[in-house]
Amino acid sequence: MKSIGQIVKMIRQIKGFTQSEVYSGVMSRSFAHRFENGEHDISATKLFQILDNLLISVEEFRFIQNDYHRSSEQELNQQLQDAYDVHNLQEMGNIINENKNSGNLSFKSIAGIGQVLVETYQSKTFVITPAMESFWNQLFNSKAWTLQEIRNADILLPIAINSHRESLIPTIVNRFENNCQKYLTARGDPFHVSDELMGMYLTLLQTDLNTEQYDSANQLVSKARDVDKFLLTWNGRFAQQLIIAIWNLYFGSEEEGETIIAKISGAESLYVPTIDHNLKAIADMRRKLAKIYKKRHTD
């Protein structure tokens, strides 16, 4: 593998920057020459300064350093998510079985996430596996969550329900919201944590409805509405609208809920075959259960 300096040199030359433009105020010309030849390492602080001068993120630098590939953990996580989006349970099962006993904690955690996704797709209740428990301990015992933990934390909710730790759900949600807030800036949402927040609210809404916590579910829509739609990507906006639609099916106007679902389905139908089966599956299930709920509460 090439040294950090050699990768920096390659990027500098691709972008057409001179050594003076990249290294001025960071290191001397002679040191920069040796650095780019792989003869010297530098501190993280200096590397960050150089990457800023190159107008490149650390994440992209790591991607280029890895020969334009993501890490094996990132690739496996994406493979799992892609399989889940199209409900390929066989592929998800293969990923789980190959990694649930892995000595790599990240692979084992991904297997735990996969097990929860499969089980919650097939049933409301399931048995907690060692991989799921390992994932729970990893996240719940962390003092703070980085983006990786934030992106997976909604899986804690079904684990909590099925391990009789429902009382910890408010703590989980509060920690999630607080950690997301750290990544929001005065000028926006550079890491799209608002999407993750909307995903958490959608999972929480379904959790509340599954456990018949209807008062909590009824109040959740205000949180979803309060998230700035201008900070959301289309995925986040679809999730926000789905939350509002489900709320209407249960507590508001059924007609309004159906109208929103129809609009979401119309947007999804632009792609053939459908890229994401999850929104439709959630809407179909909630449409049926909302009718049962309304009948029970109006008779």
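None of the values given here were measured: they were computed from a predicted structure. What's counted below: heavy atoms across the whole structure, side chains too, no hydrogens, waters or symmetry copies. One is the number of the first residue; the rest follow in order along the sequence.
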> Between E258 and R287, is the closest basic N to carboxylate O distance under 4.0 Å?
Replying inline: yes
> Any ion pair linking K288 and D284 (charged N to carboxylate O, less than 4.0 Å)?
Replying inline: no
Show every donor-acceptor pair shorter than 3.5 Å between a side-chain atom in residues 38-47 and any protein atom, with sequence neighbours excluded, or say none if there are none.
from	atom 1	to	atom 2	distance (Å)
H40	NE2	R34	NE	3.0
S43	OG	K46	N	3.3
K46	NZ	V26	O	2.8

Only distances under 3.5 Å count here; give the side-chain donor-acceptor pairs of residues 226-235 to other protein atoms, sequence neighbours excluded, each with its distance to 0.1 Å.
from	atom 1	to	atom 2	distance (Å)
D228	OD1	F230	N	2.9
T233	OG1	D195	OD2	2.3
T233	OG1	N235	N	3.4

> How many angstroms lie between CD in E256 and CD1 in I244, if you round to the nearest 0.5 Å?
Replying inline: 9.0 Å
> Can F251 and K294 be said to form a side-chain contact (heavy atoms from CB on, under 4.5 Å), step by step?
Replying inline: CA-CA 8 Å; F251 311 111; K294 281 197 167 181; over 6 Å; no
Donor-acceptor pairs under 3.5 Å, side chain of residues 92-100 to any protein atom, not counting sequence neighbours: which ones?
from	atom 1	to	atom 2	distance (Å)
N94	ND2	Q90	O	3.4
N97	ND2	G93	O	3.1
N99	ND2	I95	O	2.7

> What about Y214 and H297, are their ring centers closer than 6.0 Å?
Replying inline: yes
>> Would you compute the distance between atom CG of N152 and atom CD1 of I110 and round it to the nearest 0.5 angstrom?
In response: 8.0 Å
> Charged N to carboxylate O below 4.0 Å: is that the case for E21 and K15?
Replying inline: no
> What about F48 and F191, same hydrophobic cluster or not, with Ile/Leu/Val/Met/Phe/Trp/Tyr joined at side-chain heavy-atom distances under 4.5 Å?
Replying inline: no
>> Salt bridge or not between E149 and K143? Use side-chain N to carboxylate O under 4.0 Å.
In response: no
> Say you draw a straight line from NZ of K2 to CD1 of I64; how long is it, rounded to the nearest 0.5 Å?
Replying inline: 11.0 Å
> Just how far is it from atom CD1 of I155 to atom CD of Q115, taken to the nearest 0.5 Å?
Replying inline: 11.5 Å
> Are F61 and L147 linked, directly or through other ILVMFWY residues, by side chains that come within less than 4.5 angstrom of each other?
Replying inline: no
>> Determine whether E133 and R165 satisfy the following criterion, salt bridge (charged side-chain N to carboxylate O under 4.0 Å, His left out), listing intermediate values before the conclusion.
In response: CA-CA 12 Å; E133 189 66 29; R165 291 179 274 201; 3.1 Å; yes
>> Are L202 and I282 packed together at the side-chain level, in the sense that at least one heavy-atom pair is separated by less than 4.5 angstrom?
In response: yes
>> Using side-chain contact (heavy atoms from CB on, under 4.5 Å), reason through Y84 and E91 one step at a time and then give a plain yes or no.
In response: CA-CA 9 Å; Y84 179 64; E91 176 66 13; over 6 Å; no
> Is the ring centre of F31 less than 6.0 Å from the ring centre of Y23?
Replying inline: no
> CG of D189 to OG1 of T185: how many Å apart, nearest 0.5 Å?
Replying inline: 7.5 Å
> For the atom pair CD (Q206) and OG1 (T203), what is the distance rounded to the nearest 0.5 Å?
Replying inline: 6.5 Å
